[in-house]
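Accompanying notes for the structure given below.
Sequential numbering from 1 along the given sequence is applied to the chain's residues. Each ligand, and each atom within it, is numbered from 1 in the order the structure gives.
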Amino acid sequence: MSRGDMAKPLLGHRSMEGDSSSTPAAGRTIGVLGSGDFARSLAIRLVCSGFKVVVGSRNPKRKANLFPSAAEVTFQAEAVKKTDVVFVAVFREHYSTLCDLADVLAGKILVDVSNNTEINHHKESNAEYLASLFPACTVVKGFNVLSAWTLQSGARDGNKQVLLCSNNQEAKRTVAEIAQVMGFTPVDMGCMSSACEIENIPLRLLPAWKIPIFLSLGLFLCFFTYNLIRQVIHPYVREQKNKLYKIPIEVVNTTLPCVAYVMLSLVYLPGVVAACSQLYYGTKYRRFPDWLDQWLQHRKQIGLLSFFCAALHAVYSLCLPMRRSHRYQLIEMAVKQAVEKKMNIWVEEEVWRMEIYLSVGIIALGLLSLLAITSLPSIANSLNWREFSFIQSTLGFIALVISTLHTLTYGWSRAFDENQYKFYLPPTYTLTLLVPCTVIIAKVIFILPCIQQRLLRIRRGWEKGRYVKFVLPSATGEFSSGETSSNV
Ligand code: NAP
């Protein structure tokens, strides 16, 4: 979340659960204008929650059989007369066709559930536009963040939050009570000026994932090009050998672990940078720069993308022996061996290298799976702070160390073989080691008692240049990951 976003109210913030009045909303009559998908799902949910529902349609006879029998379907004006809370389940462009109902709607609460097709599509929000058309009504914006599907499947199976805003507190409270009886969590987003923001929420596409996805795509592109030059272009230029067949599996499979490994180290690098900044300035009260804040906020998504690439690498690797090219190569080797009358091609060192390489790879993937599972909100919520930090920080760091062993056993002595330097380019794995090794070395330095003690004191509030009587707690395991400060 950027600093700009932090100024806005958080979802879940100012939940209205405690605000409901003692009068139960269930049992009252609720009006719904429109008979489309949203109106139908809303009516079903309202009926299931114990409300009486009256639906206003331009053509009630044709639409009646689409609604539960407990809901009354009638003409718009008739429906509106029977209730004082009306959900307007009609698109914005049709609001003006409701103007004939202005007299019967006067004094009633209108709930605007509409969404737009584009972010900031209109100058004024749909709810403000509705309020301008019906000045004698009180408009409440809400329910638009729920899909028709969520309404039908019930609050257990989807998003539970209903964001509400209105200039009238009483009307907002009434709609909040209705939402609560329906099993949703009303969230007060303030006055009508928030309507635009509420209308933009369903249109946002994975806002927290944009930076991590671009980062992983960028890394993928760089490593893919590098591997392509080494594995396909080099043999063509030097030996006129066509190795294009390697692109779909081999080149992709050497690129994926590079991305997974570097992304995993990028989860832990901002913690190291933050710790260095705290050590340098001798305080934890100095704000991190925006880019570091953003990076810290996106660690979960970066870690999950790392796991995704690692899982794909595992599947690709399992498929390697299935390839036709691999079978031809095996037969070719066997024939060559027979021609050369070689009986034993067993290379002890190679056997051990491969056994260790696969074993540590499997362990690293297992640990990454654990990290991914525990980052799911439902699992994370069931862990206390110590358990969560142990898994995400300590086990996560162990996963990075084991991934480094996996990479080193893959490379073995290739870094010292000059044939591996295609066009003078070093093997890809040597490049991937740079960032993870920096993180590991930094973490090891932070464990040194003199550094650890100083960092621990800073994170307990000590500041350079200020005299504060400070008693160091006896706990020593507190800083195991560099991520215990308030901001990190
Ligand atoms: P829909 O299926 O097209 O239904 C719209 C309804 O508007 C029609 O069934 C129609 O009912 C009524 N209507 C009234 N005056 C109209 C006119 N002049 N021309 C055309 N129709 C008119 O749309 P919807 O999916 O239910 O969406 C309704 C509202 O809910 C929209 O504002 C949408 O943004 C919002 N919403 C929908 C969803 C969703 O998942 N579908 C989610 C969140 C918000 P009668 O013919 O019976 O009058």
### Query
Between E128 and K141, is the closest basic N to carboxylate O distance under 4.0 Å?
no
### Query
Using a distance-only test with no angle check, is there a side-chain donor-acceptor pair under 3.5 angstrom linking T254 and Q231?
yes
## Note on the structure
The answer, listing residues by chain and number that come under 4.0 Å of ligand 1 through any heavy atom, is G34, S35, G36, D37, F38, S57, R58, K63, A89, V90, F91, H94, T97, V113, S114, N115, N144, L146, S147, A148
### Query
Can you name the residues that form a side chain to side chain donor-acceptor pair (under 3.5 Å) with N120, not counting sequence neighbours?
N200
#### Entry: Any donor-acceptor N or O pair under 3.5 Å, side chains Y261, T404
yes
### Query
Does the cation-pi check pass for K443 over F397, that is, NZ or CZ under 6.0 Å from the six-membered ring centre and within 45° of its axis?
yes
### Query
Given F51, which of T29, V85, L46 fulfils the side-chain contact (heavy atoms from CB on, under 4.5 Å) condition?
L46
